[in-house]
Amino acid sequence: MPARRLAEDGGAAGLGRDGGGGARLYRRHDRPLCRARTRTHLQHALGPSMNLYETMLERVREALARLAERGELPAGLDTSRITVEPPRDPAHGQMATNAALVLARQARRRPLEIAELLAGELAALPEVASARTAPPGFVNLVLHDDVWRRQLRTVLELGHDYGRTDLGRRERVNVEYCSANPTGPLHVGHGRGTVVGDALANLLAFAGYQVTREYYINDGGGQIEALARSIYHRYRELLGDDPGPLPEGLYPLEELVAVARTIVEEEGARWLGQPEEAWLDHFGRRGVAAMMALIREDLERLGVRHDVFTSERALIEAGRIEEAIAALEARGLVYVGTLPPPKGRPVEDWEPTPQLLFRATAFGDDVDRPLRRSNGAWTYFAADMAYHFDKFRRGHTTLIDVWGADHGGYVRRMEAAVAALTEERARLEVLLCQIVHLYERGEPVRMSKRAGTLVRLRDVIERVGRDVFRFMMLTRKNDAPLDFDLEKAVEQSRDNPVFYVQYAHARICSVFRHAVEMGHAVDPDSLRAADLDRLEDPGELELVRLVAEWPRVVVAAARAREPHRIAFYLHDLAGSFHSLWTRGKEDATLRFLLADDPARTQARLAMLAAVRGVIANGLGIMGVEPVEELH
RNA sequence: GCGCCCGUAGCUCAGCAGGAUAGAGCAUCGGAUUCCUAAUCCGGGGGUCGCAGGUUCGAAUCCUGCCGGGCGCACCA
């Protein structure tokens, strides 16, 4: 089976979405909805003023409207593709707009002509210090320092809400992640998908979506029978009824011995000598309950709390599959047919069998997909389809699933099913997480599920800590393989991004401790009252500009469903801060704390408070606790 | 054979819903510490963005075809 095979090969990305055995349909955690809370009083502040780039984009559009009004440009131009961005090259100013390039064709004018007109308008704005055109038609802007300083004040006023946006417009998004098979504790590969899903959920909540975090318990299939037999095998061993070596295909997991022991203690030897039908279901349920308990412990260690756990088995028993299929039937998307043999490599025991099929080809899939097995049982796909339909019926219009890359071949059919079942009113987006390669001092750690050497997530977390693990899992794009060196991860050096960022936060905290000793008031109100005109050094304003980019980063990361962008941004921000710090070592006037200039010190503290706030904010999205000291 | 993902500096990777002279870390070479944490910083060298076409004012980014790597390919999950 795909999920297992990848793990056996030494890898781990297997987010195993396979079999299992719980019972109740949904279980809700009691927990405050703090992460997704709405703040109506904040709505006004969520406008353009928080995001300077959006503000300036508005100014550009207004300027174009004025030009159109005066007849210098045609009316009714499509301005949707216009952007205002920080240019790559600082020599091109602080913001650049492509407006003239985008409009040239529609306006039937040369880009530079439009750029000239636009630059003239923009130069007259109070925010703008200079507006210059550059070939082939950019307008490069430099804003007055005051604009950036004012932005800093906004940051301080908004506090931990700085960067929060209404991009999602309260749309209900379901993020399903982890969903590991209830056949054992989580391993390192599960950890990646779990962290990515959890951080993405945090990110989307921060970006204004209404997020449900969900775990699908695959407790409905044959895998649970294997689990039950594995436990029964141990049960016989414990009772001295020698079953011989563990048969192929059963789980060698040591935790299963403990499950068997509990059954012996609580239920005695009554299952001994009984036919399989007598104990299979019971042992399966006990096994799933025990394994889910382990998994929940692991999630707790990772600091992950799902809102909803959905049991595949419960869905099946509640008749949800029949409901989903009926919905498809009503649209003529279900039929009995025979699939062609798999192409490419021959399958020995293949024989043409008529099956109940879903017309996935009508929605872009390569072949129609079976819903029922030849033994009469529902396929995994049928249950998963019903599950996704259920998520939609609970009100979610965007469904995000985080899977291991080994499930890539499954994406198309699931997308097809969601499109069919929801009549395209909901969309499925699947994030595939690539493999995690574990290293120990540069040497690869060999892992094999069969040999029982799969590295348990709990062991890794115990060794490197939750925060380090979570951060490291977000230092790569989800679809890129990730190397994780247990040794380097806890190294306190520059090439460890976790410590690089944490150190920046800790250093700022350190400055504040000294500031308090010097008698500075560092409460939020005092900092907000600082005279920010005292921030004059180009390096300081550069840092402020980076802070001003935070809202863009949130929006871009949320749109792209890429929480790793938060990690990269924080690394940049930390770098800019560290650089400024060191300049203070060379030039005493650039130190943050100046004994003879309390006003300037106060302004610098305000700047640092903003930087610290954004770091804490970003780490919060990643699920990482900022540290105040590193020693 | 088919589908999906990937291919960027010696190594590991970013590259912001197409934007200007492609960036960071590691490695390498050279510098900075009486002073807020040197667990840091500053600088040098290093590139046919896999290859070839196409769309566009503009392509690492979008499209097509090759080459190379990963994952998957009835009635498993």
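Note that the structure is a prediction, hence the values are computed from the model and not measured. Residue numbers begin at 1 in each chain, while the letters A, B, ... track the order of the sequences.
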How close do A:R413 and A:D365 get, counting heavy atoms only, and between which atoms?
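A:R413 and A:D365 have their closest heavy atoms at CB-OD2, 3.0 Å.
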Minimum heavy-atom distance A:L227-A:G287, with the two atoms named
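Shortest heavy-atom separation between A:L227 and A:G287 comes out as CD2-C, 3.6 Å.
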Side-chain N or O of [X] versus OP1/OP2 of [N]: is the shortest distance under 4.0 Å?
X	N	answer
A:W378	B:C75	no
A:T582	B:A38	no
A:R81	B:G19	no
A:K477	B:G15	yes
A:Y500	B:C41	yes
A:R412	B:C4	yes
A:K585	B:A38	yes

Whichever of A:L580 and A:H564 has its nearest RNA chain B nucleotide further upstream toward 5':
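On the 5' side of the pair lies A:H564.
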With nearest nucleotides of RNA chain B determined for A:T97 and A:T475 from heavy-atom distances, which residue corresponds to the more 5′ nucleotide?
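Checking each residue's closest nucleotide, the 5'-ward one belongs to A:T475.
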Honestly, is A:R359 close enough over A:Y335, meaning NZ or CZ under 6.0 Å from the six-membered ring centre and within 45° of the axis?
yes
Tell me: CG of A:L573 to C1' of B:U40, nearest whole Å?
15 Å
For atom CG of A:L141 and atom P of B:G19, their distance in whole Å
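Value for this atom pair: 18 Å.
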Do A:D401 and A:Y216 meet the criterion of a side-chain donor-acceptor pair at a distance under 3.5 Å?
no
Please classify the nucleic acid contact of [X] as base, sugar-phosphate, or nothing, using heavy-atom distances under 4.0 Å.
X	value
A:E549	nothing
A:T353	base
A:R583	nothing
A:E351	base
A:L432	nothing
A:D572	nothing
A:P111	nothing

Proximal nucleotide (of B:C75, B:C42, B:G15) relative to the A:S374 side chain
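Selected nucleotide (nearest to the side chain): B:C75.
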Between A:E415 and A:R412, does any NZ, NE, NH1 or NH2 come within less than 4.0 Å of an OD or OE carboxylate oxygen?
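No.
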Lys/Arg N to Asp/Glu carboxylate O, A:R229 vs A:E225, below 4.0 Å
yes
In whole Å, measure the gap between the [atom1] atoms of [N] and [M] for me.
N	M	atom1	result
B:C63	B:U56	P	16 Å
B:G23	B:G46	P	14 Å
B:U40	B:A27	P	11 Å
B:G47	B:G15	C1'	15 Å

According to the interplanar angle, ranging from 0 to 90°, do the rings of A:H187 and A:H190 count as parallel (below 30°), tilted (30 to 60°) or perpendicular (above 60°)?
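Taking A:H190 first and then A:H187, their aromatic rings sit tilted (interplane angle of 30° to 60°).
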Secondary structure of RNA chain B per the Watson-Crick/G-U criterion (both distances under 3.5 Å; [ ] crossing, | other strand, . unpaired) is (((((((..((((.....[...)))).(((((.......))))).....(((((..]....))))))))))))....
Got a sec? Which of residues 590-603 of chain A come in under 4.0 Å of RNA chain B, heavy atoms?
A:R591, A:F592, A:L593
How many angstroms lie between atom CG of A:L203 and atom CZ of A:R565, to the nearest 0.5 angstrom?
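Between atom CG of A:L203 and atom CZ of A:R565 there are 10.0 Å.
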Is A:F138 stacked on the base of B:A20 when the test is centres under 5.5 angstrom and planes under 30 degrees?
yes
May I ask you to check whether A:H514 and A:F592 place their ring centres under 6.0 Å from each other?
no
Can a donor-acceptor pair under 3.5 Å be found between the side-chain atoms of A:R476 and the base atoms of B:C13?
no
